[in-house]
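Worth saying up front: this structure is predicted, and the values here are computed from it rather than measured. In the text below, chain A, chain B and the rest are named by the order of the sequence lines, each starting its count at 1.
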Number of protein chains: 2
Amino acid sequence: MKLNEGIEWAIHCLSVLAYLPEGKALPAKKLAGFFDLPEHYLAKHLQSLSQAKLVKSIKGPGGGYRLSRPAPDITVLDIVQAIDGKTPHFQCTEIRRRGPSGVPDECYQKPCGIARTMWRAEKAWRDELARVSLQDILQIGAEETPQLQIEKSLDWFGQVIQ
Amino acid sequence: MKLNEGIEWAIHCLSVLAYLPEGKALPAKKLAGFFDLPEHYLAKHLQSLSQAKLVKSIKGPGGGYRLSRPAPDITVLDIVQAIDGKTPHFQCTEIRRRGPSGVPDECYQKPCGIARTMWRAEKAWRDELARVSLQDILQIGAEETPQLQIEKSLDWFGQVIQ
DNA sequence: TTATATATGGATATGTTATATCCGTATTAT
DNA sequence: ATAATACGGATATAACATATCCATATATAA
Ligand code: SF4
Ligand code: SF4
């Protein structure tokens with residue numbers, strides 16, 4: 001099992017958008033350029049973020065994307081679920097009902113202990129992701145990003161925002 | 001993202017093996033029959049369980065599989081990792097190093113806050129799975145499995161074990 | 001008004017992983 | 001010896017992730 005690669009992209013992109021000056025927006029093309037990502041595919045993910053209301057999209061020249069709410073109000077879980085959906089990772093195929101020991105469907109009133117165990121673990125995963133906000137990510141980044149990269153990023157910002 | 005379907009199969013199969021009388025073994029073919037699963041593919045998963053030392057395999061007539069240690073000493077995490085591997089679900093592709101703001105590799109000393117967040121959540125998931133043993137699963141099953149299914153399973157056991 | 005820049009959604013192509021089968025070999029009980 | 005079983009490698013198929021392309025809608029600015 002592998003998590004959608006777009007999650008990494010999305011968190012990075014939102015981190016960049018968080019530094020946008022008031023009233024500005026960044027188009028998909030420029031975000032793709034910043035991380036050297038495939039433009040059209042990234043655009044798909046940005047559309048997911050837009051549908052999930054994490055970013056606001058603005059069409060037309062000068063348009064693009066910007067955060068739809070402040071970084072402290074966006075959790076990593078929000079981002080992950082925007083990209084990867086909310087379908088549980090463990091999907092029971094009800095094999096207990098099959099084979100020689102199966103009994104009619106109405107005998108199975110609720111999900112079994114196996115499914116509940118798997119789902120409880122997923123909840124622990126989600127809870128942990130919900131505990132971290134985009135603001136937290138930015139904070140860590142501010143402390144740990146190499147100085148040179150910060151400068152280069154600022155340069156880039158200056159060039160793409162007019 | 002979807003978890004390997006074999007996880008569900010494996011937990012069920014180990015649950016059945018837990019009820020084997022001392023000294024007996026169940027071959028892949030019969031396990032597949034019990035759950036109406038594709039025999040050869042299930043065999044692959046059983047081989048994974050064997051490599052992970054969760055079951056002991058016995059070749060030849062009368063052979064098959066049985067638990068390699070008592071049910072309380074097998075966790076759901078053991079089973080999940082035997083089937084799905086131990087590779088982290090979140091795999092960083094280091095996009096921070098790419099594009100116009102990237103700096104030389106030696107500037108990045110440790111995984112960033114994003115990766116650490118994702119991995120911490122995975123650890124919470126694993127911890128939760130490690131908290132549940134196969135014995136716990138059996139216990140829940142004993143309480144919740146429909147009576148009719150228990151009887152049919154016992155019938156089946158009687159027929160396949162000589 | 002026109003041209004341009006952007007997002008959106010659908011269609012499609014490609015690559016990768018999961019699912020499933022098959023076969024030859026090794027091992028062991030009878 | 002024969003039959004039953006596990007094992008590993010090879011292969012086929014299906015599902016999904018990744019990536020591209022295009023037609024359309026919308027907004028900006030000249
Ligand atoms: S016993 Fe649980 S995991 Fe197994 S088929 Fe039923 S609901 Fe699914
Ligand atoms: S910043 Fe973190 S998630 Fe992003 S590429 Fe680097 S290590 Fe990976």
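Within the 3.5 Å criterion, the main-chain N or O of A:Thr75 finds a donor-acceptor partner in the side chain of A:Asp78. A distance-only check finds a donor-acceptor pair linking the side chain of A:Ser15 to the backbone of A:Ile11 [under 3.5 Å]. A donor-acceptor pair under 3.5 Å is formed between the side chain of A:Ser68 and the backbone N or O of A:Leu54. In this structure, the side chain of B:Asp36 does not engage the main chain of B:Gly33 through any donor-acceptor pair within 3.5 Å. A donor-acceptor pair under 3.5 Å is formed between the side chain of A:Gln149 and the backbone N or O of B:Arg96. Between the A:Glu122 side chain and the A:His89 main chain, a donor and an acceptor come within less than 3.5 Å of each other.
Here the CZ atom belonging to A:Arg116 is positioned 4.0 Å from the CD atom belonging to B:Glu144, to the nearest 0.5 angstrom. Expressed to the nearest 0.5 Å, how far CD of A:Gln81 lies from CD1 of A:Ile7 amounts to 9.5 Å.
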**OP:** Assess whether side chain to side chain contact (heavy atoms under 4.5 Å, CB included) is satisfied between B:Glu8 and A:Cys92, documenting all intermediate values.
**Re:** CA-CA 7 Å; B:Glu8 187 184 359; A:Cys92 162; 3.5 Å; yes
Original post:
Can you list the steps and then say if A:Phe34 with A:His12 is a side chain to side chain contact (heavy atoms under 4.5 Å, CB included)?
Top reply: CA-CA 10 Å; A:Phe34 186 75; A:His12 278 90; over 6 Å; no
**OP:** Tell me, with the steps shown, if A:Asp127 and A:Lys123 meet salt bridge (charged side-chain N to carboxylate O under 4.0 Å, His left out).
**Re:** CA-CA 6 Å; A:Asp127 286 349; A:Lys123 178 160 192 315; 2.9 Å; yes
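Residues from residues 45-56 of chain B that place a heavy atom under 4.0 Å from any atom of DNA chain D, listed by number: B:Gln47, B:Ser50, B:Gln51. Using a 4.0 Å cutoff on non-hydrogen atoms, the parts of residues 13-43 of chain B near DNA chain D are B:Pro27, B:Ala28, ordered by number. Taking a 4.0 Å limit (strictly below) on heavy-atom distances, residues 73-93 of chain A does not reach DNA chain D anywhere.
Per the geometry, CD1 belonging to A:Ile161 stands 18 Å off P belonging to C:dA5, to the nearest Å. B:Glu5 has its CD atom 14 Å from the C1' atom of C:dT17, to the nearest Å. When the C1' atom of C:dT16 is taken as reference, atom CE of B:Met1 falls 17 Å away, rounded to whole Å.
When all heavy atoms are compared, the tightest approach of A:Ala25 to A:Gly62 is CB-O, 4.2 Å. Contact record, A:Arg98 with A:Thr93: NH1-O, 3.9 Å, taken as the closest heavy-atom pair. For A:Ala43 against A:Tyr65, the heavy-atom pair with the smallest separation is O-OH, 4.4 Å.
Side chain to side chain, B:Gln139 and B:Glu143 meet the donor-acceptor criterion of an N or O pair below 3.5 Å.
No contact: B:Gly6 has no heavy atom under 4.0 Å from any strand.
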**OP:** Would you sketch DNA chain D in dot-bracket for me? Only Watson-Crick or G-U wobble pairs with both distances under 3.5 Å count, crossing pairs as [ ], other-strand pairs as |, the rest as dots.
**Re:** ||||||||||||||||||||||||||||||
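Aromatic ring pairs are classed by plane angle as parallel below 30°, tilted from 30° to 60° and perpendicular above 60°; the pair B:Trp9 and B:His45 is perpendicular. A perpendicular orientation is assigned to the rings of A:Phe90 and A:Trp119, their planes being inclined by more than 60° (bins at 30° and 60°).
Take the nearest nucleotide of DNA chain C for A:Lys2 and for A:Lys44: the residue whose nucleotide is more 5' is A:Lys44.
Protein chain B contacts DNA chain D over a range whose 5' and 3' limits, counting nucleotides with an atom under 4.0 angstrom from a non-hydrogen atom, are D:dA3 to D:dA17.
Counting heavy-atom neighbours within 6.0 Å of B:Lys152 NZ, excluding the residue itself, gives a total above 12.
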**OP:** Classify every nucleotide of nucleotides 25-30 of chain C by which part a protein heavy atom approaches to under 4.0 Å, writing B for the base, S for the sugar-phosphate alone and - for neither, in 5'-to-3' order.
**Re:** --BBB-
